[in-house]
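Heads up: numbering here begins at 1 and tracks the sequence. Atoms within a ligand are numbered from 1 in the order they appear, just like the ligands themselves.
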Amino acid sequence: MSAKEVRAFSAPGKALIAGGYLVLNAEYKSFVVALSARMHAMVSCQQRPDIEGVYVKVTSTQFNDDEWNYRLKKKNGYVPLEINDLTNPFVEQVIFNVFNYFFPEEVPFNYIVIQTFSDAEYHSAEGTVQKVNEFKEFNFHKKDIQDVPKTGLGSSASLTTVLTTCLCANLMADLDVKNQDHLHMIHNLAQVAHCQAQGKIGSGFDIAAATYGSIVYRRFPPALIADLPTMDLVYVRQYHNALKGLIDRADWNIFVQGITLPPGLKLVMGDVRSGSSTVKLVATVQKWYDNNLPRSFDVFEEINKCNNRVIDSVTQLTELSSTDPERYNSILASINLSPKADQKSIPEITELEHAVLKIRELFRAITKESGADIEPETQTTLLDKCLKFPGVISGVVPGAGGHDAIALLTTEGTDMAELTKGNPDFEAVSWLKVTQAKTGVREEDPRHYENLHLK
Ligand SMILES: Nc1ncnc2c1ncn2[C@@H]1O[C@H](COP(=O)(O)OP(=O)(O)O)[C@@H](O)[C@H]1O
Ligand SMILES: C[C@@](O)(CCOP(=O)(O)OP(=O)(O)O)CC(=O)O
């Protein structure tokens, strides 16, 4: 990147369709769909002789003109200090880790400005105004980022991934997000930054989807990140050496395989204006698991079998669409029949449907025994009502479950907003305008973020 050159990137949000809780264990694979809602960031940089060390400004104008300004120096281990004592742990940990990974003697540019933008679907649209240009439309809120309700698409993971990409581009002029090695570096750095910012080591499926797109995912061992040393301000190189080894040389032993929904099918997300704490749910399920061994192990094994059946069914349906398009199209047509046809006559669909129903049944049993609201009764009622509509194949409470959202697999032409319009059973549901994303992190045209003006 030459002086004042500008680059922009974006990374998608996620929905964990199969693998909630089990994905925390490195034995089990999950199925994550990357979403069309993306977090964007545009980086520009300059060499400023008047500035000592490095200055990084990150702006988020959509959220009450939020901004964070950091000063950092190599001799202080590139620990970023916010000049107004504001905190944004995700931004801080990205700056800390990217600078410590490259650990540059001299930075090519010492004044870095990153402007972030997030697509509308990540947050509640209440009280927003829209700003547009020829290419994009973004919601502008009157509140700071931490006070705006989220829809659960993984805003911090997409942000962490796209900020990591921007800062890597700043320190590595030839960064190319189509290059698999560069992508692995971005992924690994973003995982470290996200875990440190969250203060816990989750499964990382959200960072993996933000980087690679829709995937079958199996996690890394948590010790990889837990064993990193803390910054030693006397011997600052120690963290760099350990991080460099972890990012470039350690065996992460993760499994990441691209997967797409079969043609003619789509994911539909409904935001259920309510909230659940993933951290509390995970702790409650863990306690239930530990107190109910070995039976809880058997339950997880059973869920795992069904998760794999879901992944296999999706893969087989995609294969069928190219090996026997005629049969595949007739399957889609019969799913769309109104009143809803009996899907028993379509084994490929019944397999998927039954595997999902079994996963839900087992999670309902865990819900009852543990008290963790993974599939609460209100969500069961909602999902069961959705399943009655023609065009709807299956539905789950995504991710950790709870009251936040529902995710459905339907045919392309199914319009849930239209089907449920004015229906009091769906009063609490806002259908999100998201579809499956085609890519993970991708380069964008910086001109697409210029001159945003009120609609
Ligand atoms: N557009 C944004 N600009 C700046 N910070 C953001 C933005 N989106 C998310 N964040 C950061 O991520 C935090 C939300 O993370 P978290 O509570 O883990 O939610 P999520 O489940 O959506 O990732 C915010 O408080 C903020 O620190
Ligand atoms: C329980 C989990 O396996 C899945 C949680 O999925 P969500 O999509 O609900 O996650 P958040 O966006 O962080 O709330 C925990 C994990 O994998 O880290």
J.: Between F138 and ligand 1, which part of the residue brings a heavy atom under 4.0 Å of the ligand: side chain, backbone, both or neither?
T.: neither

J.: Regarding ligand 2, does K200 bring an N or O atom to under 3.5 Å of one of the ligand's N or O atoms?
T.: no

J.: Judging by distance only, is a nitrogen or oxygen of T278 under 3.5 angstrom from one on ligand 2?
T.: yes

J.: Quick test of your reading of the model: are D425 and K385 salt-bridged, counting only N-O distances below 4.0 Å?
T.: yes

J.: Please identify which atoms of ligand 1 are closer than 4.0 Å to at least one heavy atom of F63.
T.: 1 (N)

J.: Counting each atom of ligand 1 from 1 as listed, which ones have a heavy atom of S60 under 4.0 Å away?
T.: 1 (N), 2 (C), 3 (N), 4 (C)

J.: Looking only at protein heavy atoms, which one is nearest to atom 17 (O) of ligand 2, and what is the separation?
T.: S203 OG, 2.5 Å

J.: Going by the order shown, which atoms of ligand 1 are within less than 4.0 Å of some heavy atom of G154?
T.: 22 (O), 23 (O)

J.: Apply side-chain contact (heavy atoms from CB on, under 4.5 Å) to the pair M231 and F96, showing each step before the final yes or no.
T.: CA-CA 10 Å; M231 169 52 71; F96 173 69; 3.7 Å; yes

J.: Is the shortest N/O to N/O distance between A400 and ligand 2 below 3.5 Å?
T.: yes

J.: What residue and heavy atom of the protein are closest to atom 8 (O) of ligand 2, and at what distance?
T.: K14 NZ, 2.6 Å

J.: Which option out of F90, F117, W68 puts a heavy atom nearest to atom 11 (C) of ligand 1?
T.: F90

J.: For L24, which part has a heavy atom under 4.0 Å from ligand 2: side chain, backbone, both, or neither?
T.: side chain

